[in-house]
> 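Following this message is one structure expressed as structure tokens.
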Protein chains: 2
Amino acid sequence: MRRIAPGRDELIAAIAEVFRAHGYAGASLSLITETTGLGKGSLYNFFPGGKDEMAAAVLAHIDRWFEDAVFSPLREVESPQEGIARMLAATDAYFHSGRRVCLVGAFALDDARDRFAAEIRSYFGRWVADLAGALRRAGLEAADAGRLAEESVAGIQGALTLARAFDDPAVFSRAMANIRERLDVGRA
Amino acid sequence: MRRIAPGRDELIAAIAEVFRAHGYAGASLSLITETTGLGKGSLYNFFPGGKDEMAAAVLAHIDRWFEDAVFSPLREVESPQEGIARMLAATDAYFHSGRRVCLVGAFALDDARDRFAAEIRSYFGRWVADLAGALRRAGLEAADAGRLAEESVAGIQGALTLARAFDDPAVFSRAMANIRERLDVGRA
DNA sequence: GTGTATTTGTACCAATCGGTACAATGGAGT
DNA sequence: ACTCCATTGTACCGATTGGTACAAATACAC
């Protein structure tokens with residue numbers, strides 16, 4: 001039969017949730033088959049490389065989403081302030097206002113880091129660089145822009161960790177409000 | 001034979017490094033026996049509860065260390081500024097200036113969170129509460145103190161994540177310098 | 001309706017998982 | 001010197017791991 005499984009995007013999204021909830025090592029194939037409803041046959045048909053390829057596909061999927069919704073507005077919207085506002089809104093939406101955790105950040109901490117070092121570095125690297133770029137366009141000096149950008153991305157990651165530790169999304173919302181304020185440079 | 005293995009503290013420290021590097025699920029018993037040099041016999045002699053008890057012991061060990069070196073100075077040193085300075089110094093030392101990752105933060109993200117929810121919550125909760133207390137003693141309003149404390153702890157966690165993602169401890173050092181500045185309230 | 005290439009379920013694989021059992025070991029207390 | 005008993009290594013357990021093989025099923029092109 002052809003084309004019975006959900007679209008590839010939905011499939012990857014479902015797999016992503018398993019990795020998000022259990023980490024790379026903890027995301028067993030049985031958990032994945034259970035969550036997706038697909039047997040190993042289908043899974044290995046779509047991802048011949050196995051678990052590794054699934055995780056890579058998930059990371060690529062996330063990367064694409066962030067590129068479109070979070071990073072590119074920072075570069076391409078004329079008003080840097082507007083670009084930053086869009087980035088913050090998309091970030092808040094993506095993490096379900098703190099109820100969801102950052103897969104890339106989680107991978108950065110466990111032993112998936114070595115396997116996907118390049119992807120992880122690129123994800124955070126572009127986030128920081130594009131935000132710094134917007135801040136520079138808003139009038140900040142390069143050094144200040146870089147520092148503030150790094151600090152903001154770190155603040156978001158840390159807030160996700162704390163929100164999950166406390167099981168309280170409000171921690172994330174407070175952090176986002178705070179970051180929004182500190183990024184509100186050069187006129188409103 | 002009696003007392004051949006290293007002291008319990010050193011043993012726990014060695015196990016901690018395995019959990020730190022591989023997460024809960026990724027820290028296999030074979031990895032632990034390999035790292036510690038102890039066979040399963042010894043391991044299960046010291047930790048009859050198995051992996052779960054090892055992780056609990058590691059968390060308790062970390063908790064004790066932070067209580068002594070990081071949290072208690074915030075409460076007990078007369079000068080809150082001095083307490084904060086000690087907390088920052090101890091934190092920087094513990095994380096090897098960004099070369100080491102926070103086990104509790106890592107556990108908060110993967111599926112160990114549910115198992116150790118109480119310990120994780122308590123660890124971060126006391127950190128934030130004690131820092132907020134010191135800031136209040138330094139003259140800040142309760143609301144401001146709470147916000148700044150939460151923000152600082154989140155900043156530290158996020159910086160650890162970024163430092164690991166970039167494989168660049170300098171990210172952590174920059175974040176610490178920044179946090180030190182922002183916590184320098186009420187006189188110097 | 002037939003052919004075909006893709007999709008799928010099932011059975012199977014060796015390796016490893018966390019954990020248990022237990023006999024051998026040998027240091028400490030006397 | 002002798003007796004304990006904490007400590008240790010080894011063998012073993014069933015379950016699960018990630019992964020493979022392959023035949024049955026089936027949607028689509030024709």
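Numbers restart at 1 for each chain; the letters A, B, ... are given by sequence-line order, proteins then strands.
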> Take the protein atom CZ of Arg115(A) and the nucleotide atom P of dG18(D), then report the distance between them rounded to whole Å.
11 Å
> What class does the angle between the rings of Trp65(B) and Tyr94(B) fall in, given that below 30° is parallel, 30 to 60° is tilted and above 60° is perpendicular?
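Trp65(B) and Tyr94(B): tilted rings.
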> Taking the side chain of Asn45(A) as its heavy atoms from C-beta onward, which of dG18(C), dT8(D), dT8(C) lies nearest to it?
dT8(C)
> Could you tell me whether Ala25(B) contacts a base, only the sugar-phosphate backbone, or nothing, with contacts defined as non-hydrogen atoms closer than 4.0 Å?
nothing
> Please report the distance, rounded to the nearest Å, between CG in Leu43(A) and C1' in dT20(D).
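After rounding, the gap between these two atoms is 14 Å.
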> Mark yes or no for whether Arg137(A), through its side chain, and Leu74(A), through its backbone, hold a donor-acceptor pair below 3.5 Å.
yes
> What's the spacing between Glu76(B) CD and Asp130(B) CG if we round to 0.5 Å?
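Result: 9.0 Å between the selected atoms.
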> Looking at every non-hydrogen atom in both residues, tell me the closest pair between Ala14(A) and Thr36(A) and how far apart they are.
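Nearest pair, atom of Ala14(A) first, then Thr36(A): CB-CG2, 4.1 Å.
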> Considering non-hydrogen atoms only, spot the tightest contact between Pro73(A) and Glu67(A) and give its length.
CD-O, 4.4 Å
> Please list, for nucleotides 12-16 of chain D, all pairs of protein and nucleotide N/O atoms separated by less than 3.5 Å.
none

> Would you say the side-chain atoms of Arg126(B) pair up with the backbone N or O of Phe71(B), donor to acceptor, closer than 3.5 Å?
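Absent.
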> Does anything in residues 48-57 of chain A reach DNA chain D, meaning a heavy atom under 4.0 Å, and if so which residues?
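Gly50(A), Lys51(A) - these, ordered by number, are the residues of the stretch whose heavy atoms sit under 4.0 Å from the strand.
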> Nearest heavy-atom pair of Val101(A) and Arg164(A): which atoms, and what distance?
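Scanning both residues completely, I find the closest heavy atoms to be CG2-CD, 3.9 Å.
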> Can I get a per-line list of side-chain donor-acceptor pairs under 3.5 Å for residues 49-58 of chain B, giving both atom names and the distance, sequence neighbours left out?
unit_1: Lys51(B); atom_1: NZ; unit_2: Tyr24(B); atom_2: O; d: 3.0
unit_1: Lys51(B); atom_1: NZ; unit_2: Ala27(B); atom_2: O; d: 3.2
unit_1: Asp52(B); atom_1: OD2; unit_2: Arg115(B); atom_2: NH1; d: 3.1
unit_1: Glu53(B); atom_1: OE1; unit_2: Gly49(B); atom_2: N; d: 2.5

> Give the minimum heavy-atom separation between Ser152(B) and Leu131(B), together with the two atoms involved.
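Taking every non-hydrogen atom into account, CB-CD2, 3.9 Å.
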> With each end axis built from five pairs of C1' atoms, what bend angle do you get for the helix from dG1(C)-dC30(D) to dT30(C)-dA1(D)? Round to 10°.
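For the helix from dG1(C)-dC30(D) to dT30(C)-dA1(D), the axes at opposite ends meet at about 20°.
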> On a heavy-atom basis, which atom in Ala165(B) and which in Ala108(A) lie closest, and how many Å separate them?
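Closest pair (atom of Ala165(B), atom of Ala108(A), distance): CB-CB, 4.2 Å.
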> Taking the nucleotide of DNA chain D with the nearest heavy atom to each, does Gly41(A) or Leu31(A) sit closer to the 5' end?
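The residue mapped nearer the 5' terminus is Leu31(A).
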> Can you tell me how far P of dG9(D) sits from CG of Leu29(B), to the nearest Å?
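Atom-to-atom, Leu29(B) to dG9(D), this comes out as 15 Å.
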> Would you mind telling me which of dT20(C), dT8(D), dT8(C) lies closest to the side-chain atoms of Tyr44(B)?
dT20(C)
> Look at the aromatic rings of Tyr123(B) and Trp127(B) and report parallel, tilted or perpendicular, splitting at 30° and 60°.
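Taking Trp127(B) first and then Tyr123(B), their aromatic rings stand perpendicular (interplane angle over 60°).
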> Asp68(A): what forms a side-chain hydrogen bond (donor to acceptor under 3.5 Å, both in side chains) with it, not counting sequence neighbours?
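Asp68(A) satisfies side-chain hydrogen bond (donor to acceptor under 3.5 Å, both in side chains) with no residue once adjacent residues are dropped.
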> If you check every side-chain atom of Phe46(A), which of dT8(D), dG19(D), dT8(C) has the closest atom?
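Out of dT8(D), dG19(D), dT8(C), the nucleotide with an atom closest to Phe46(A)'s side chain is dT8(C).
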> Is a side-chain donor or acceptor of Arg8(B) paired with a backbone partner of Phe46(B) at a separation under 3.5 angstrom?
yes
> Is there a salt bridge (Lys or Arg N to Asp or Glu O under 4.0 Å) between Glu151(A) and Arg174(B) once you walk through the steps?
CA-CA 9 Å; Glu151(A) 210 181 304; Arg174(B) 281 196 291 272; over 6 Å; no
> Rounded off to whole Å, could you give me the CG-to-P distance for the Leu38(A) and dT8(C) pair?
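Computing the Leu38(A):CG to dT8(C):P distance gives 6 Å.
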> Counting only heavy atoms and a strict 4.0 angstrom limit, can you tell me which residues of residues 14-21 of chain B come near DNA chain D?
none
> Using whole Å, report how far CG of Leu11(B) lies from P of dT7(D).
11 Å
